[in-house]
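In this chain, numbering begins with 1 at the start of the sequence shown.
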Amino acid sequence: MDKLYSKKTVKTVFCFCILFAMIFSLPLTAFSATQKESICYHQTAKLLANQSPNGVSSIGGEWLVLGLARGNCAVSKDFYSDYSEKVRDIIKEKSGVLSATKYTEYSRVILALTSIGQDVTNVGGYNLLSYLADFTKVKRQGINGAVWALIALDSNNYSVPTGDSLDATTREKLIDYILGKKLSTGGWTLAGNTPDPDVTAMAITALSKQYNSNKEVKSAVDKGITVLSDIQKSSGNFSSGGVVNSESVSQVIVCLSSLGINPNTDKRFICDGKSLIDVLLGFSLSGGGFAHQKGGEYNQMATEQGFYALVAYNRLLSNKTSLFDMTDVFKSDNNADNENSGGNNTPQINITQNGEKNNPNNNSNSKNSKSDYSSKNKDITENSANSKGEKANAVNKNEQVKNSDTSGVSSTSSSMETDDKNSNETTENNKKIRKNMTENSANSLQKEEQSNSSDKNTKQQNGEEKQVENSGITVYVIIGVALLVISAVVIFAVIKGRKKFKGEKQ
């Protein structure tokens, strides 16, 4: 009887331990993910804010400015005005012609200037919207040109200026062109018949505003989401151009967020227990920033895209307008301060796995397994970054531009192609970028002291980082103490029970 009682006691204690472990493991896991995400966000924001923005550049320029502005991050008082002045100087110097063949240059600058509340119809005396009025020139780059022209025009519900072109641009033409480039199996690509995650995600982002009003758009977008889920690897990553990379993950996060789909909870994009946010954080680096490939070094383009993907996600959770829907910028009462501060309000980061925003797609459709396509894509591309040649390509994956009037091929993960350059120029530019980053880092303290307003915001941001770290320690301590108390109660109950049983037996 004593042995029987002992076995029952052991089983009871064991069941209690399992139950408590399950109860406490869930919030602990969620907290750890939230903590890592928040720290990555703040550290990357601070790192980018300490850089000096270039004027008219897909690296260190427009995406840098847009990400910080849409995240309402603390920057120096001259950060946005410096960028605006550089853009004006460049446009004046080039007599308004940023590019004779790549009109995404205009779309990209329109987006950046809109994000900081600037008038895009008078930039150094030039109306940037007028360059998007000629549809023949806009679509010269293929789908990339149409996608980003539509995103730029929709960013603040801009009207397309009338021009002298016989083929005048309209929203309908842009939408029809993008839909016409859809693959028969769903999704989009620059060339060939295999859907590319970057191009598919960008096309969906461009069409997101018409999702609820255009049945053909809704059908194409729904199919595109399914395609993205199907081509996602079992590891949760995406491969573009034969390389598993962080920028592709970033673009998918942006496109899902633009539709109101939570990329952190949608079951169609959860692989091996990891969400798209978890996958993106797998590319994050200590101290802030992102690598192009896992295990790689800091990459400016990957960092800018990774950061604005987190901004897009955070805006979704905060019920704000999407990343590229900047109508809120011009409705803000603080718009007069946008040039200097970008809103100058450091966001209260609350990146959790809570409820989703209004979701036009059915998130309850669980995906139990990835398609054969995903399994077959586990090839040597995941290990292809070992050679020096590919390492150089990884530094600027997105400068794979093939600027052709007939093929329309452009960069797949820069969200906007860079100028065609040979490998020597690319290497030299990368050196300059790293040199500028080093100089900017060395002067970061000086920049932070440029204004009282900037200091106040920076201190607030640092305080939030410390608060996140301290809250982590607090939670671990509370959980540890709770487990100890529970264990002590269980052990005490067992001992008391055994004594009582022995007393009755005697």
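- No more than 12 heavy atoms of other residues, nucleotides or ligands sit less than 6.0 Å from atom CG of Asn193.
- Although no hydrogens or angles enter the test, the distance criterion places no donor-acceptor pair under 3.5 Å between the side chain of Asn156 and the main chain of Tyr158.
- We find the OG-CG distance between Ser155 and Leu111 to be 5.0 Å, quoted to the nearest 0.5 Å.
- In this structure, Ile116 CD1 and Phe79 CZ are separated by 9.5 Å, a value rounded to the nearest 0.5 Å.
- In this structure, CZ in Phe324 is found 9.5 Å from OG in Ser208, a value given to the nearest 0.5 Å.
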Given side chain to side chain donor-acceptor pair (under 3.5 Å), test Arg315 with Thr321 step by step and report yes or no. CA-CA 7 Å; Arg315 294 185 67 85; Thr321 58; 3.0 Å; yes
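- Taking the side chain as every heavy atom from C-beta outward, Val254 and Tyr313 never approach each other to under 4.5 Å.
- You'll find the side chain of Leu132 reaches within 4.5 Å of the side chain of Ser107, heavy atoms only.
- The line from NZ of Lys218 to CG of Leu259 is 10.5 Å long, rounded to the nearest 0.5 Å.
- Here the side chains of Leu179 and Glu216 are in contact, with some heavy-atom distance below 4.5 Å.
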Notebook entry, point to check: Would Ser322 and Leu316 count as a side chain to side chain contact (heavy atoms under 4.5 Å, CB included) if you check the C-alpha gap in whole Å, the side-chain angles of each, and the deciding distance to 0.1 Å?
Noted result: CA-CA 7 Å; Ser322 63; Leu316 170 67; over 6 Å; no
Evaluate Leu323 against Val311 for side chain to side chain contact (heavy atoms under 4.5 Å, CB included), listing each step before the verdict.
CA-CA 7 Å; Leu323 180 70; Val311 169; 4.0 Å; yes
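- Gln305 places no side-chain N or O within donor-acceptor distance of the main-chain N or O of Gln251, the cut-off being under 3.5 Å.
- What you find for Tyr83 and Ala112 is that their closest heavy atoms are OH-CB, 3.4 Å.
- Here the side chains of Phe135 and Val160 are not in contact, with every heavy-atom distance at 4.5 Å or above.
- At a threshold of 4.0 Å, the pair Arg70-Asp325 does not count as salt-bridged, since none of the basic side-chain nitrogens sits closer than that to a carboxylate oxygen.
- No side-chain heavy atom of Lys173 sits under 4.5 Å from any side-chain heavy atom of Val138.
- For the residue pair Ser275 / Asn264, a side-chain donor-acceptor distance below 3.5 Å is found, with atom types taken as modelled.
- The closest side-chain heavy-atom distance from Val109 to Val120 is not below 4.5 Å.
- Looking at Asp167 and Lys137, no side-chain N of the basic residue comes within less than 4.0 Å of a carboxylate O on the acidic one, giving no salt bridge.
- Checked by atom type and distance alone, the side chain of Asp154 never pairs as donor or acceptor with a backbone atom of Asn157 at under 3.5 Å.
- Annotation for Leu280 and Gly306: closest pair CD2-O, 3.8 Å, computed over non-hydrogen atoms.
- Under the 3.5 Å distance criterion, with hydrogens and angles disregarded, no donor-acceptor pair is assigned to the side chains of Lys209 and Asn214.
- One distance of note links CG of Leu113 with CG of Leu128; it measures 6.5 Å at 0.5 Å rounding.
- Atom CG of residue Leu228 and atom CZ of residue Arg268 lie 10.0 Å apart, to the nearest 0.5 angstrom.
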Requested in this report: Show your reasoning for whether side chain to side chain contact (heavy atoms under 4.5 Å, CB included) applies to Gln232 and Phe269.
Outcome: CA-CA 8 Å; Gln232 185 182 19; Phe269 294 92; 3.6 Å; yes
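- The backbone N or O of Thr226 lies less than 3.5 Å from no partner atom in the side chain of Ser229, so there is not a single donor-acceptor pair.
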Exercise. Going through the distances and angles, do Asn127 and Thr121 end up as a side chain to side chain donor-acceptor pair (under 3.5 Å)?
Worked result: CA-CA 4 Å; Asn127 181 355; Thr121 64; 5.2 Å; no
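- Paired with Ser240 under the rule side-chain hydrogen bond (donor to acceptor under 3.5 Å, both in side chains), one option of Thr200, Asp198, Thr189 passes, and it is Asp198.
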Please report the C-alpha distance between Leu281 and Cys40 in whole Å, then the side-chain angles of each, then the deciding distance to 0.1 Å, and finally whether the side chain to side chain contact (heavy atoms under 4.5 Å, CB included) criterion is met. CA-CA 8 Å; Leu281 291 176; Cys40 175; 3.9 Å; yes
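- Contact detail for Val147 and Ala206: the closest heavy-atom pair is O-CB, 3.7 Å.
- When atom types are taken as modelled, the side chain of Thr44 and the backbone of Gly288 share no donor-acceptor pair closer than 3.5 angstrom.
- Between the Asn245 side chain and the Val243 main chain, a donor and an acceptor come within less than 3.5 Å of each other.
- Between Gly145 and Gln141 the shortest heavy-atom distance is N-CB, 4.1 Å.
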Please assess Tyr103 against Tyr106 for the test ring pair (Phe, Tyr, Trp, His ring centres under 6.0 Å), listing each intermediate value before the final yes or no.
-> CA-CA 6 Å; Tyr103 280 70; Tyr106 301 100; 5.3 Å; yes
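- Using a distance-only test at 3.5 Å, with no hydrogens or angles considered, a donor-acceptor pair links the side chain of Ser81 to the main chain of Asp78.
- Between Lys86 and Asp82, no side-chain nitrogen of the basic residue sits less than 4.0 Å from a carboxylate oxygen of the acidic one, so the salt-bridge criterion is not met.
- Between Val123 and Gln118, every side-chain heavy-atom pair lies at or beyond the 4.5 Å cut-off.
- A donor and an acceptor atom, one from each side chain of Asn237 and Ser235, are located under 3.5 Å apart.
- Ile175 approaches Gln210 most closely through the heavy-atom pair CD1-CG, 3.5 Å.
- Gln300 and Tyr298 share a donor-acceptor pair across their side chains, judged by distance under 3.5 Å alone.
- Although no hydrogens or angles enter the test, the distance criterion places a donor-acceptor pair under 3.5 Å between the side chain of Ser246 and the main chain of Ala291.
- Here the closest non-hydrogen pair linking Pro197 and Phe238 is CB-CD2, 3.8 Å.
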- Task: Start with the C-alpha distance between Phe290 and Phe307, add both sets of side-chain angles, then the distance that settles ring pair (Phe, Tyr, Trp, His ring centres under 6.0 Å), and finish with yes or no.
- Result: CA-CA 8 Å; Phe290 291 86; Phe307 180 69; 8.6 Å; no
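- Within the 4.5 Å cutoff, side-chain heavy atoms of Ser58 are placed close to those of Arg108.
- A donor-acceptor pair is defined here as one N or O able to donate and one able to accept, closer than 3.5 Å; no such pair exists between the side chain of Trp188 and the backbone of Ile143.
- Asp222 and Tyr211 share a donor-acceptor pair across their side chains, judged by distance under 3.5 Å alone.
- Side chain of Ser57 to backbone of Ile59: a donor-acceptor contact under 3.5 angstrom is found.
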